[in-house]
Structures are given as structure tokens and as C-alpha cells.
Q: 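Shown below is the structure under consideration.
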Amino acid sequence: MATTFNERINALLKTPSLPFTWDSIIKECDRIEDDFAHIRSEFQWALDYKRFQVEDSRGNRSAGLAALKAAIAAAPENKDILGDYKNYVGKPAIAENIVLIVATKKNEEKATKLAWQLDKGNIQYLIVSGSDTAPIDHIRALQVDAADNFESTPKKVAAAFAWIYENLGSNVGVLKMDLELSVQDAGKMARALSRMSGANAYAGVPAAIDQFDRCAHWGKCQDNAMNRRVYGRPALRPWAEGKAYYVGPGPLEKLVFALTRFPGLLDGEFYEDKLVGDVLSSEGVALASMANYGEIGLGTVSQLTQSPQLPKSPQLPKSPLGTGVVSRLGKIL
């Protein structure tokens, strides 16, 4: 009987993933982690990859994807398993572009008003919120595995980007929007989205580094300690301001891959727009600058002249939809 770490790991890795070995493989992975306080990352990724093989064989996509991403995080330089991830989730996009409305349950009304404007302009979108509150009452609302507070916005947006890449297709572009903006010209917006997609751009209004407020989060965080903590990360280059920015299919893949390989990039980050800019900068993606949001058909909410009466969205049954998703999502297209 194998007793040393090397003996047990070798025996495990040689065990084929078959219906009558699935449970024993998962249990032995767990036992090895319990029995050895330190496991080198070169072996930890193999344990997680073995879990992926089992869950993939079982047809359990959600658990398989989680295990595969854990393996990638343990061996971020391993191009083979990154290729497995791309092949596992890769599919033709069902839309050229999609608008990602970042919201919370608390500002549900604003989110549904913006959704109404996009519906009216025939522009595809999702509304994303966190998982620790009730879901937003809308057919296109999505909950991801992050808290529904200000300080968790980077994790919420990162999870939403990953969900889009993994579920809607690997060649879709995303316009991320906050609720400070409204649709002023849907036709102009649609043309701008098509143009930016064709350019495969990361585009937005550049943030001014010399005017960067490192205390902008004060008074907004649920954790009071963070409301007096000055943001301490360096400003590497101008990034697209978070009210609205576009991430084309190529930049989106680079962003999702980087955050899958190095999930620690999210630790201690307060500002999701700066996180996206920093990651894409490290991936060699330049920012295509816009002078203002009017270039893509957007304006401030105060500029919106129409306040529609919104119909109540139908309720949908809850169903698991893949990694990071803890609520329901209606048919998108």
C-alpha cells in the first residue's frame, strides 16, 4: 500500500477516470490534501486537474470548470491547461456585443430603467449583482459569486466578465456600464459598439492620473475600516474610467485568462476600472481614448428626458448556470 507522498500521488495520477474510480479519485485527492501540510504547487495543480477530469467525465460542468481554474491558478505558466480551459469553454458567440450593467439590489430601479433604454434600442445586455442579497427582479438579471457591496465591485465585475466568456462565447465584446449614465442615442451606440468590436479595442474615457482620488471609496464601503483606508496601489498608466468602457473580444480573453491565472490580482483592489486597465496594460493592450461618452451615444442620467413606466418582469425559476452563478438568467437573445 502506498504511504509516502510520492507513492500516493503517482498511484493517483495513474488511476484512469472511469465511472467505478470517480469517487475513489476525489476522496484520495481530499485525503492527500488533509494528510500533507505542504504540497508543492507542481503537485497541487495535478490534484485539481485530476478532479477536473473526474467532473468532466461525470458531465458536471460547473464543478469541472472550478477544478480546472484552480489547477490553472496553481500552475499559471502551464500553457497546456490554459489551452484546456479555452477549449472547454470555447464556443461561437451568440452576440457580437453585450452591455454589462453593474448594479446592486439597492439600486434595482435605476438598473431596470437603463435596461428599458437598451431594450428600446434593441441592444443586448445583462444586469449583474452580488449573491448575498435577493436577486434583481428582471429577466436578464445575473447573480455572481461576490458580495453585493461597493468594495466587492472588482470581484463582481471580474466574475461577470468570466461568465460572459465562458457562457456567451469567446469572441464577444463587452461594454461595461455604471448607473450614472443613460442611453441618449441608441443608434449611435450600436454603431460605436460595432466599430469598437471590429477594432478589437479596449476603449474609454481616460482617467487622469494626477487627479486620481485615492479616497474615492470612503463612505461607500460596507466595511467601515475600508472607509478610512487610503488606496495604496501604484497608478501604472491612464485607464478607462468606470462609468463606461469597452473591452473587445481579444482584450476580454486576455483579461479573463490573467485573472484566472493570477486571482490574487483582485486582493485589496477597490476600483474595478483601474484593475481592468492595469491587467490589460500588463498584457500589452493599449487604451483607445474617447473624449467623452457622447461618442458612444451615452450621457448622464440627468440628461435623460423620458422617465418610462416600467413593466414588471416575469419571475424565472432558479437554476445553476455554471461557475460563479448562483441565481437565474433569462434567455438572452
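Sequential numbering from 1 along the given sequence is applied to the chain's residues.
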Q: Taking everything shown except K91 itself, do over 12 heavy atoms lie less than 6.0 Å from its NZ?
A: yes
Q: Side-chain donor-acceptor pair under 3.5 Å between Q117 and Y125, yes or no?
A: no
Q: Take atom CZ in R40; do more than 12 heavy atoms of anything else shown fall under 6.0 Å from it?
A: no
Q: With a 6.0 Å cut-off on ring centres, are Y88 and Y85 close enough?
A: no
Q: Kindly say whether the aromatic ring centers of F43 and F36 come within a distance under 6.0 Å.
A: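 Ring centres of F36 and F43 not closer than 6.0 Å.
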Q: Counting only heavy atoms not in K105, do more than 12 fall under 6.0 Å of its NZ?
A: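 Buried by this count: over 12 neighbours within 6.0 Å.
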Q: Cut-off 3.5 Å, side chains only: do E96 and Q124 have a donor facing an acceptor?
A: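 Checked: E96/Q124 side chains show no N/O donor-acceptor pair below 3.5 Å.
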Q: Between the side chains of D278 and K274, is the shortest nitrogen-to-carboxylate-oxygen separation below 4.0 Å, so that they form an ion pair?
A: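 Salt bridge present between K274 and D278.
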Q: Would the number of heavy atoms belonging to other residues, nucleotides or ligands and lying under 6.0 Å from CG of D34 be above 12?
A: yes
Q: Atom CG in L68, atom CG in D56: separation rounded to 0.5 Å?
A: 9.0 Å
Q: Show the nearest heavy-atom pair for residues A235 and R214, with the distance to one decimal.
A: N-NH2, 3.8 Å
Q: Provide the closest heavy-atom pair for L12 versus K50 in the form atom of the first, atom of the second, distance.
A: O-CE, 3.4 Å
Q: For a 4.5 angstrom cut-off between non-hydrogen side-chain atoms, does L255 reach E283?
A: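 No. Closest side-chain heavy atoms not under 4.5 Å.
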Q: Are V99 and L114 packed together at the side-chain level, in the sense that at least one heavy-atom pair is separated by less than 4.5 angstrom?
A: no
Q: Would you kindly confirm whether W218 and M226 end up in one hydrophobic cluster when ILVMFWY residues are joined by side chain heavy atoms under 4.5 Å apart?
A: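 W218 does not cluster with M226.
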Q: Return the NZ to CZ distance between K86 and F257, rounded to the nearest 0.5 Å.
A: 5.5 Å
